[in-house]
Student: 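Quick one: the structure is below, questions incoming.
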Amino acid sequence: MNTFFLWSALVMGLAALGLAAYYARRVLAMSQGNELMIEISSNIRAGAMAFLRREYTWVAVFVTAMFLLIGFLLDDGWLRALAYLAGALLSGGAGFVGMRIATAANARTTEAARTGGIVKALPLAFRGGAVMGFTVAGFGLLGVALGYLIFVELSGFEVGRGAEIVAAIGLGGSSIALFARVGGGIYTKAADIGADLVGKVEAGIPEDDPRNPATIADNVGDNVGDVAGMGADLFESYVGSLVAPIAFAALAFTGAVYQAEAVIFPLAVGAVGMLASIIGSFLVKPKSDSDLASALHRGTNTAMILAAAGVLGLSYLMFGSIEGVNPLGLFLAVAIGLLVGFTIGKISEIYTSDHYKTVKEIARQAQTGPATVILSGIAEGKRSAAYSVIVAATGIGGAFWAGEMALGELGGIYGVAIAAIGVLATLGITIAVDAYGPIADNAGGIAEMTHLPPEVRQATDALDSLGNTTAAVAKGFAIGSAAVTALALFSTFTQAVGNAAEASGVANPLANGINIMNVETTIGLFLGAMFPFLFSGMTINAVGRAANEMIEEVRRQFREIPGLREGKEGVKAEYAKCVDIATAGALREMVLPGSLAIILPLVIGFVNVEALGGFLAGALVTGFLLAIYMANAGGAWDNAKKFIEAGAFGGKGSEAHKAAVIGDTVGDPFKDTSGPAMNIVIKVMTIVSLVFASAFIG
């Protein structure tokens with residue numbers, strides 16, 4: 001029976017990739033519009049792919065170093081190193097494929113908006129995002145299932161040994177995700193800030209105006225940050241949510257009659273969620289211009305309901321005949337995860353959508369200047385973090401109770417771990433809804449640069465505004481899953497330390513858990529609580545430095561190229577220079593913060609394992625809070641600006657608009673660099689600790 005569920009996961013992973021290929025063909029079959037639209041789209045694609053190639057070249061050096069470190073230091077080191085490399089390649093490949101189609105879908109979405117309005121443009125942009133979504137989810141499920149097949153089923157290894165090797169797949173995905181998110185985030189926000197501050201505020205020209213030298217770089221940034229970076233981010237989240245319960249069950253349930261089922265159950269849940277996502281994706285078809293949000297919600301909500309129903313049947317099918325196991329508890333744990341993800345996403349929507357009062361109030365504050373806009377956004381972002389933490393904490397408690405209800409005393413942490421899968425069970429459609437946003441944003445830029453009728457830009461702006469909200473919702477899902485997954489990985493780390501200590505014949509330093517009265521643990525706790533603040537400060541500063549270079553270049557071109565600012569016929573901006581500045585700045589600035597997130601747990605772990613336990617606990621709590629706060633504050637500022645641009649409080653060009661642009665500029669690194677990178681940071685540090693646990697003891 002368990003073999004059937006393993007093969008089901010493999011088949012559903014392949015089905016997701018097949019659906020991605022189908023959607024890619026549907027997108028590529030559509031018209032790209034006129035020659036100028038094709039030229040601009042080609043320039044965006046060339047810039048995005050050039051950045052990705054250079055970024056992956058830089059990251060390859062780090063991946064090689066980690067590959068060798070794992071190979072030489074750990075038991076089964078070279079097998080773990082191969083699993084690590086596989087995770088890195090799958091993560092990078094998902095980002096590459098998704099961005100290829102996203103950059104092909106932008107002009108096609110513009111043309112669809114021109115010829116058929118929003119009703120035709122939304123499904124096309126969604127399909128472009130769905131290629132990213134189902135490639136990420138398909139690679140993730142297929143990668144972990146293949147790892148399980150090779151290192152557990154076919155190798156003949158004991159299940160705990162095989163699961164520890166499989167865990168390295170998650171570390172590979174985390175390595176790529178961290179650099180992709182940080183590098184892509186720095187790139188996109190440096191370009192965006194340069195384009196906005198000099199173009200909108202200083203020169204008084206519209207967004208995406210072809211006179212602005214940073215326009216192409218800004219559109220490239222939407223793809224490298226919000227498609228490739230986001231895809232790698234959620235690949236890592238998804239793989240982590242699968243690996244955590246597999247590894248925990250393999251290490252903690254030794255000798256239990258239900259161990260085999262508990263180990264394979266996460267993959268079976270992943271298969272059910274994938275099928276539900278595939279079905280839901282076909283329901284995203286707006287019936288009218290006012291049905292945009294409903295069309296997206298129809299797809300995601302249907303997928304969630306189907307996933308919940310499928311997991312209920314799955315729980316009884318796999319565990320119903322095992323004495324002493326209550327299958328209802330397993331279903332409840334996954335359902336709680338689904339509910340936590342939905343609720344945190346809803347909180348993000350309430351705080352970032354202009355359909356609710358929060359964004360409208362921030363826009364109203366713009367009438368009195370940028371200071372009040374910024375204060376209002378900070379306040380609302382922090383309030384949203386409080387509510388999200390309450391939801392996450394309640395969910396963790398509920399999942400723990402459900403796990404104990406199902407499997408007894410050891411089942412609590414397992415319940416939390418499978419709740420994390422529930423948060424991301426419908427990942428394919430969640431990413432599709434998110435990744436459509438950058439495509440719509442690019443489509444609006446192309447409409448502006450090719451001087452299409454105003455109604456086309458109005459249609460793409462409506463798609464883009466909704467995309468900001470769906471992006472915030474997806475970040476809420478990712479951050480919510482990060483907190484739950486990191487807690488499960490944290491517990492698995494303590495279990496791995498205990499197993500390694502027993503194998504080495506030494507005392508287990510974590511035999512009594514994490515004791516905050518221990519001075520080493522307390523020191524680690526403070527250091528861990530500090531690190532998310534240090535990391536966010538470094539990445540925000542990195543955006544500021546890169547943006548400064550971009551601003552100076554845009555000013556230089558306006559100053560030195562005769563007729564550019566006035567829009568004289570035949571005069572073109574030097575777009576390539578801005579693209580190169582953003583690329584060089586992002587690659588230079590991403591190295592230190594990204595490396596620290598991986599190196600610090602290793603250094604602390606080799607010094608003192610108890611300090612490492614405190615470090616991970618501190619980073620988990622403050623990192624989760626900062627991630628929610630920054631993502632929601634940034635999304636609220638962005639949509640407050642767009643609310644004013646739609647005509648509120650004086651509309652475009654008004655003093656309120658200029659104030660809102662400054663608020664949006666402050667929010668850019670919050671929502672697209674530091675905030676989303678934080679959920680990777682708290683997981684990558686935990687999974688590094690898990691993979692190297694035996695080396696810390698040895």
Side-chain angles (χ1 to χ4, degrees), residues 2-3 5-10 12-13 63 66-67 70-71 73-91 94 137-177 235-254 259-271 413-414 417-418 420-421 424 485-486 488-493 495-496 499-500 683-684 686-695:
N2 289 337
T3 302
F5 292 118
L6 173 60
W7 282 100
S8 296
L10 290 166
M12 291 313 303
V63 169
M66 285 294 293
F67 178 87
I70 292 169
L73 281 183
L74 301 178
D75 297 333
D76 295 319
W78 295 110
L79 292 177
R80 295 196 197 202
L82 286 173
Y84 167 81
L85 183 61
L89 291 173
L90 287 171
S91 179
F139 276 167
L141 184 59
L142 189 63
V144 176
L146 278 174
Y148 187 92
L149 177 66
I150 294 168
F151 296 116
V152 178
E153 292 289 317
L154 299 180
S155 67
F157 292 162
E158 181 265 331
V159 66
R161 180 182 176 188
E164 287 187 323
I165 296 171
V166 172
I169 297 173
L171 179 57
S174 296
S175 298
I176 296 294
F235 174 89
E236 179 264 353
S237 297
Y238 187 55
V239 169
S241 73
L242 292 172
V243 164
I246 290 174
F248 182 82
L251 295 174
F253 294 160
T254 304
Q259 185 187 40
E261 286 77 13
V263 170
I264 205 70
F265 185 63
L267 289 173
V269 172
I413 293 298
Y414 183 75
I418 58 174
I421 306 176
L424 295 175
T485 301
L489 288 169
F490 183 49
S491 299
T492 308
F493 159 70
Q495 189 72 40
N499 289 2
K683 288 200 302 298
V684 75
T686 312
I687 202 165
V688 163
S689 303
L690 170 60
V691 169
F692 282 88
S694 60

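Numbering of residues begins at 1 and proceeds along the displayed sequence.
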Student: What's the shortest heavy-atom distance between Tyr414 and Pro266, and which atoms?
Tutor: OH-CD, 3.8 Å
Student: Atom CG in Leu90, atom CD1 in Ile176: separation rounded to 0.5 Å?
Tutor: 10.5 Å
Student: So Leu171 and Val243, do their side chains get closer than 4.5 Å, heavy atoms only?
Tutor: no
Student: Between Lys683 and Ser237, is there a side-chain heavy-atom distance shorter than 4.5 Å?
Tutor: yes
Student: Which pair of heavy atoms, one from Ala249 and one from Gln259, lies closest together, and at what distance?
Tutor: O-NE2, 3.3 Å
Student: For the backbone of Tyr148 and the side chain of Glu153, can you confirm whether one donor and one acceptor N or O come within less than 3.5 Å of each other?
Tutor: no
Student: Is any side-chain heavy atom of Phe157 closer than 4.5 Å to one of Leu79?
Tutor: yes
Student: So Leu242 and Ile169, do their side chains get closer than 4.5 Å, heavy atoms only?
Tutor: no
Student: What pair of heavy atoms forms the shortest contact from Ala500 to Ser694, and how long is it?
Tutor: CB-CA, 3.8 Å
Student: Taking the inter-plane angle between the rings of Phe253 and Phe248 on a 0 to 90° scale, is it parallel (under 30°), tilted (30 to 60°) or perpendicular (over 60°)?
Tutor: perpendicular
Student: Please report the interatomic distance CG(Leu146) to CG(Leu142), rounded to the nearest 0.5 Å.
Tutor: 4.5 Å
Student: State, to 0.1 Å, how close Val239 and Gly140 come at their nearest heavy-atom pair, and which atoms those are.
Tutor: CG2-CA, 3.9 Å
Student: Strictly under 6.0 Å, is that where the ring centroids of Tyr84 and Trp78 end up?
Tutor: no
Student: If I take atom CG from residue Leu251 and atom CG from residue Leu690, how far apart are they, to the nearest 0.5 angstrom?
Tutor: 7.5 Å
Student: What's the spacing between Met66 CE and Leu85 CG if we round to 0.5 Å?
Tutor: 12.0 Å
Student: Where is the tightest heavy-atom contact between Ile421 and Pro245, given as atom of each residue plus distance?
Tutor: CD1-CG, 3.7 Å
Student: Just by distance, do the side chain of Ser241 and the backbone of Tyr238 share a donor-acceptor pair under 3.5 Å?
Tutor: yes
Student: Minimum heavy-atom separation for Ala496 and Ala693, please, with both atom names.
Tutor: CB-CB, 3.9 Å
Student: Go through the steps for Val144 and Ile246 under the test side chain to side chain contact (heavy atoms under 4.5 Å, CB included), then give the verdict.
Tutor: CA-CA 10 Å; Val144 176; Ile246 290 174; 4.0 Å; yes
Student: Quick check: do Ile418 and Val269 have side-chain heavy atoms less than 4.5 Å from each other?
Tutor: no
Student: Taking side chain as C-beta onward, heavy atoms only, is Ile70 less than 4.5 Å from Phe692?
Tutor: yes
Student: Which pairs count as salt bridge (charged side-chain N to carboxylate O under 4.0 Å, His left out) when at least one residue sits in residues 157-172, sequence neighbours excluded?
Tutor: Asp76-Arg161, Arg80-Glu164
